[in-house]
Amino acid sequence: MLALMMALDTEEDRISFKKLYEKTYRKFMSVALAIVHNQADAEEAVHDVYVKWADDYEKYRDKSQKDMLRLGFIMTKNRCVDLLRERKRHVMVPIEINDDLLGEDEMAGGEGILDGIVKEEDERKLVQIMKGLQEEEQVILMLRYDRELSYELIAKEMKLEVNTVKMRLYRIKKKIREEMLRDE
């Protein structure tokens with residue numbers, strides 16, 4: 001990190017960059033680990049994001065912290081996918097498909113939106129649907145089901161209201177269900 005900071009022109013930029021790094025590093029590492037499932041690759045991907053930011057800091061200097069966080073999530077995800085491709089591994093979606101995702105839906109209060117519709121042969125279709133989700137939707141799913149964060153922690157992490165997180169998660173699941181049922 002020290003080497004990155006030395007690339008910056010002014011002391012003000014170095015202080016600003018250090019604060020940004022301290023506030024975002026763990027979040028970006030969580031996203032990277034969820035995608036690459038390897039500490040070294042995750043560190044490389046996140047480091048590459050900060051290198052890009054340091055190289056073009058004048059371009060990022062005036063962006064809000066919220067904008068930088070969203071941009072960082074997207075850049076981290078993209079860099080992880082690039083690393084996986086470079087290493088000729090199979091590309092993983094930013095979340096794992098597990099029983100929680102396919103289970104009971106907290107918003108509907110009863111049978112889950114996705115209960116009973118996913119069969120083994122549908123898994124590929126589900127992965128494709130998830131890859132087609134917007135970046136924020138993928139992050140919400142990853143935080144809830146891969147990182148197993150509560151609605152409150154997701155809301156805090158993404159600077160949203162708790163009810164907004166619940167509603168977005170409900171809508172994401174509904175969208176997935178509708179896509180799964182399409183063409184049947």
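- In terms of heavy atoms, Ile129 sits closest to Glu179 at CD1-CB, 3.4 Å.
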Residue pair His47, Val51: steps toward the side chain to side chain contact (heavy atoms under 4.5 Å, CB included) verdict: CA-CA 6 Å; His47 178 76; Val51 167; 3.4 Å; yes
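- Summarising the geometry of Asp41 relative to Leu83, their closest heavy-atom pair is O-CD1, 3.4 Å, with the distance given to 0.1 Å.
- With contacts defined as side-chain heavy-atom distances shorter than 4.5 Å, the pair Val46/Val31 does not qualify.
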Would you please test Arg171 and Glu137 for salt bridge (Lys or Arg N to Asp or Glu O under 4.0 Å) and show each step? CA-CA 10 Å; Arg171 288 178 181 158; Glu137 292 172 331; over 6 Å; no
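- Between Arg168 and Glu136, some side-chain heavy-atom pair lies under the 4.5 Å cut-off.
- In summary, the side chains of Glu43 and Gln39 do present a donor paired with an acceptor at a separation below 3.5 Å, with no hydrogens or angles considered.
- Atoms CG and CD, on Leu160 and Glu157 in that order, are 10.5 Å from each other to the nearest 0.5 Å.
- Shortest non-hydrogen contact noted between Met130 and Gln138 is O-NE2, 3.0 Å.
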What verdict does the salt bridge (Lys or Arg N to Asp or Glu O under 4.0 Å) test give for Lys52 and Asp48, after you've listed the backbone C-alpha separation in whole Å, the side-chain angles of each residue and the deciding distance to 0.1 Å?
CA-CA 6 Å; Lys52 178 150 181 60; Asp48 289 350; over 6 Å; no
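- A donor-acceptor pair under 3.5 Å is absent between the side-chain atoms of Ser16 and the main chain of Glu12, judged by distance alone.
- Nearest heavy atom pair, residue Ala42 against residue Val36, reads N-CG2, 3.6 Å.
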Can Leu69 and Lys23 be said to form a side chain to side chain contact (heavy atoms under 4.5 Å, CB included), step by step?
CA-CA 9 Å; Leu69 187 62; Lys23 289 181 180 182; over 6 Å; no
Margin query: Pair Val165, Met158 - check side chain to side chain contact (heavy atoms under 4.5 Å, CB included), show working.
Written below: CA-CA 9 Å; Val165 171; Met158 298 188 74; 5.8 Å; no
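- Rounded to the nearest 0.5 angstrom, Thr24 OG1 and Phe73 CZ are separated by 9.0 Å.
- Ring geometry for Tyr50 versus Phe28: interplanar angle of 30 to 60°, hence tilted.
- Considering Met142, Lys166, Arg144 as possible partners of Ile154, the one that fulfils the side chain to side chain contact (heavy atoms under 4.5 Å, CB included) test is Arg144.
- Minimum heavy-atom separation, Cys80 to Ile35: CB-CG2, 3.7 Å.
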Show, in sequence, the C-alpha distance, side-chain angles and deciding distance for Val49 and Leu71, and conclude whether the side chain to side chain contact (heavy atoms under 4.5 Å, CB included) test is met.
CA-CA 10 Å; Val49 170; Leu71 180 62; over 6 Å; no
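- With rounding to the nearest 0.5 Å, the separation of CG in Asn38 from CG in Leu33 is 8.0 Å.
- Here the straight-line distance linking atom CG of Leu133 with atom CD of Gln128 works out to 11.0 Å at 0.5 Å rounding.
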Audit row: Lys19, Glu22, salt bridge (Lys or Arg N to Asp or Glu O under 4.0 Å) steps and yes/no:
CA-CA 5 Å; Lys19 286 180 184 177; Glu22 289 170 349; over 6 Å; no
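- Atoms CD1 and CG, from Ile15 and Leu20 in turn, are 14.0 Å apart once rounded to the nearest 0.5 Å.
- With values rounded to the nearest 0.5 angstrom, Asp82 atom CG is found 9.5 Å from Lys77 atom NZ.
- Minimum interatomic distance between Ile74 and Glu135 (heavy atoms only, all atoms of both residues): CG1-CG, 3.7 Å.
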